[in-house]
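Shown next, in structure tokens, is the structure this report addresses.
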Amino acid sequence: MIEIDSLLVRQVIENGKRVDGRSLDSYREIVIETDVVTSAEGSARVRLGDTVVLAGVKVDVGTPFADTPDEGVLMVGVEFVPLANPDFESGPPREEAIEVARVVDRAIRESKSIDTKKLCITPKEKVWMVYVDVDILDDHGNLIDATSLAALAALRSTKMPVLNEDGRVDHEKKGTEPLPIKGNPLCTTFVKIGDQIAVDPSLSETRAMDARLTVGTFEQDGHVKLCSMQKGGPIGLAVEEVEKIIHMAEQKGAELRKLLK
Amino acid sequence: METKLVRLDGRKFDETRPIVAEVGVLKNADGSAMFKLGNTTAIAGVFGPRKVYPKHEEEAERAILRTKYNMAPFATSERNRPGTNRRSTEISLVTRQALMPLIFLDEFPKTAIDVHIEVLQADASTRCVGINAAVLALADAGVPMKDLVASCSAGKVGDAVVLDIAGKEDTEGELDLPVAYYPRKKHVTLLQMDGITDGKEVKEIIKLAIKGCEKIYEEQKSALRNKYKLEEAY
């Protein structure tokens with residue numbers, strides 16, 4: 001089945017078309033809902049076509065890392081839940097899940113959109129630990145961009161918790177202070193199939209792809225900046241193709257950021 | 001007035017650290033190599049093509065390529081915990097994708113080619129050095145390949161675009177962009193970036209990284225020639 005599917009995808013895209021009727025530079029329909037999990041400090045559900053992911057942010061108090069004593073900690077984790085795809089298995093995260101988590105984490109971290117120094121409570125002793133955990137609920141391709149959108153939307157919706165007298169998180173009270181975040185860092189993913197470049201690969205396009213490139217972009221003083229890149233896939237990319245993708249990513253990133261405003 | 005631009009360790013902006021490459025450094029592995037870029041050292045060993053265990057990983061039409069990147073606990077100034085972690089898992093994955101386009105996997109159905117990379121000393125660019133050692137080990141094992149792949153990183157320190165960042169440039173630098181490149185097809189098979197730049201500057205950084213790859217490629221070829229030079233006619 002998969003082999004035939006890939007062949008069809010490749011044939012159709014050769015003429016600049018896609019099996020689902022999209023143009024090469026369009027995303028599937030994107031729906032973002034925030035505050036969908038009451039137990040989390042921030043949350044978002046993102047639908048990217050039929051792909052569904054759910055991000056929850058938990059904020060806790062912890063000890064800073066020795067090399068950054070006055071900075072809080074941000075961590076992104078991704079769980080490929082077995083109900084999302086018949087190929088997913090339960091157990092420790094597989095390398096694909098780790099890659100998605102690290103690529104999304106990198107875009108947020110490297111853009112310095114979250115001022116981790118503002119997450120310090122007492123230097124060397126106490127800082128805020130911000131955990132973004134994303135559940136993949138239905139996998140229809142492009143998990144990186146869906147996860148990236150969900151993680152950012154969840155972080156933007158996060159309300160910092162309140163500490164009680166012992167300096168621990170008071171789970172009875174709801175916080176009102178937002179998490180300090182700016183710039184809206186997002187991942188945009190492109191695939192090369194034959195001689196064509198397409199954004200937002202579906203599952204069948206992911207299976208048929210030759211190469212993949214994810215570019216992280218964000219906004220700084222009204223300009224689009226790049227903050228991360230990750231190449232994937234079984235075949236290489238020519239430098240001109242990389243440059244073309246970067247150029248497209250700058251536009252697509254700006255387009256996605258509009259959805260969050 | 002002429003200003004001399006040099007880096008913390010005295011290198012020029014477009015200069016790599018000293019390179020040492022040696023092929024065939026282990027006896028048990030089917031192929032092996034050591035690659036050194038300044039103070040970063042990695043050793044790679046290849047086994048295969050050989051039978052696949054566990055059996056279910058076997059593919060009827062081609063060989064599977066398995067890569068394992070590991071860092072020795074003593075490779076960093078602060079001891080790093082042995083075993084796999086998220087970082088090493090990701091590097092093993094991108095290393096596999098960097099090597100895979102080069103290898104004629106279709107020639108060896110139902111087998112596995114295992115590449116093990118051990119970083120012995122880490123001073124930035126460990127994934128690049130690991131890939132450089134791995135491709136030499138694959139060649140040493142006699143695995144047929146379309147070309148060699150060379151890997152090098154470029155980055156930004158302050159506003160300067162520099163090749164092969166190391167030491168303080170790595171810990172305090174603004175950006176790191178590792179690339180793997182094979183000259184015969186002019187294809188990039190590894191491309192990662194962390195740090196802030198823009199669409200114009202990034203092109204310059206990629207070009208510089210590729211320039212580093214081309215230099216490393218020459219060193220790799222001469223390391224292979226050193227190992228496999230024909231005996232003088234007698």
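Protein chains get the first letters and strands the later ones, always in sequence-line order, with residue 1 at the start of each.
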Side chain, backbone, both or neither: which part of [X] has a non-hydrogen atom closer than 4.5 Å to chain A?
{"X": "B:L99", "value": "neither"}
{"X": "B:V188", "value": "both"}
{"X": "B:R87", "value": "both"}
{"X": "B:I210", "value": "side chain"}
{"X": "B:L190", "value": "backbone"}

With the threshold set at 4.0 Å, does a side-chain nitrogen-carboxylate oxygen contact exist between [X] and [Y]?
{"X": "A:R102", "Y": "A:E99", "value": "no"}
{"X": "B:D114", "Y": "B:R50", "value": "yes"}
{"X": "B:R66", "Y": "B:E57", "value": "yes"}
{"X": "A:K252", "Y": "A:E255", "value": "yes"}
{"X": "B:K207", "Y": "B:E204", "value": "no"}
{"X": "A:E95", "Y": "B:R96", "value": "yes"}
{"X": "B:E90", "Y": "A:R106", "value": "yes"}
{"X": "B:E59", "Y": "B:K110", "value": "no"}

Under 4.5 Å from any heavy atom of chain B - which part of [X]:
{"X": "A:V215", "result": "neither"}
{"X": "A:L237", "result": "both"}
{"X": "A:E250", "result": "side chain"}

Options [options], ranked by heavy-atom pairs under 4.5 Å with chain B, top entry:
{"options": "A:P93, A:A238, A:C227, A:G232", "answer": "A:C227"}
{"options": "A:K231, A:E96, A:R94", "answer": "A:K231"}
{"options": "A:A249, A:S111, A:G233", "answer": "A:G233"}

For the residue pair A:S228 / B:D194, report whether a side-chain donor-acceptor contact shorter than 3.5 Å exists.
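Short answer, no.
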So which residue, B:P101, B:G195, B:G199, ends up with the most heavy-atom pairs under 4.5 Å with chain A?
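Looking at each of B:P101, B:G195, B:G199 in turn, B:G195 comes out on top.
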Out of B:T189, B:L175, B:I206, which one racks up the most heavy-atom pairs below 4.5 Å with chain A?
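Highest number of heavy-atom pairs under 4.5 Å: B:T189.
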